[in-house]
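Here is the structure we will look at.
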Amino acid sequence: LFGVARDTATVIFSCSQGLGLDMGNLMASAAELVGGKGGGKPTLAQGGGPRVDRLQEAIDKAEESVTKFIEA
């Protein structure tokens, strides 16, 4: 899970193949939080939007989802 805040928020999510996580689904939620769009494949997704102030929230929410998945 990676994010960069500049003029816009940019987010990149990646995971190993076969892990069972879907980075595209995680990205949809993250991109919505930063006011933009995003998508990708189960192992790699990218997106972004203008809401730089919500970038950390987007990363934190994705991290929480990954942690719940791992603990299940």
Side-chain angles (χ1 to χ4, degrees):
L1 308 176
F2 183 75
V4 175
R6 300 230 171 154
D7 294 336
T8 61
T10 302
V11 187
I12 300 171
F13 295 163
S14 181
C15 72
S16 299
Q17 190 170 9
L19 191 58
L21 286 165
D22 189 333
M23 297 294 107
N25 285 341
L26 280 179
M27 182 56 64
S29 298
E32 185 177 315
L33 282 171
V34 296
K37 296 182 180 181
K41 299 178 182 180
T43 58
L44 179 64
Q46 62 183 9
R51 297 290 311 268
V52 175
D53 60 311
R54 295 192 75 188
L55 176 60
Q56 188 61 54
E57 180 183 355
I59 298 291
D60 291 345
K61 191 166 193 162
E63 181 181 8
E64 182 180 311
S65 293
V66 170
T67 300
K68 285 180 182 178
F69 178 84
I70 291 169
E71 292 176 348

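One-based numbering along the sequence shown.
- Closest approach of Leu1 and Ala62 over heavy atoms only: CD1-C, 3.9 Å.
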Cut-off 3.5 Å, no hydrogens considered: what does the side-chain donor-acceptor table look like for residues 6-21, sequence neighbours left out?
| residue | atom | partner | partner atom | Å |
| --- | --- | --- | --- | --- |
| Ser14 | OG | Thr43 | O | 3.3 |

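- Minimum heavy-atom separation, Pro42 to Asp22: CA-OD1, 3.6 Å.
- Ala28 is linked by a side-chain contact (heavy atoms from CB on, under 4.5 Å) to nothing, counting only residues two or more places apart in sequence or in another chain.
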Show me the donor-acceptor pairs, under 3.5 Å and distance only, between side chains in residues 65-72 and residues at least two apart or in other chains.
| residue | atom | partner | partner atom | Å |
| --- | --- | --- | --- | --- |
| Ser65 | OG | Lys61 | O | 3.3 |
| Thr67 | OG1 | Glu63 | O | 2.9 |
| Lys68 | NZ | Glu64 | OE2 | 3.4 |

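- Remark: Asp60 pairs with no residue by the salt bridge (Lys or Arg N to Asp or Glu O under 4.0 Å) rule, at least two apart or across chains.
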Which atom pairs, donor and acceptor, lie under 3.5 Å between side-chain atoms of residues 32-41 and protein residues at least two apart or in another chain?
none

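- Sequence neighbours left out, the pairs with a member in residues 42-57 that pass salt bridge (charged side-chain N to carboxylate O under 4.0 Å, His left out) are Arg51-Asp53, Arg54-Glu57.
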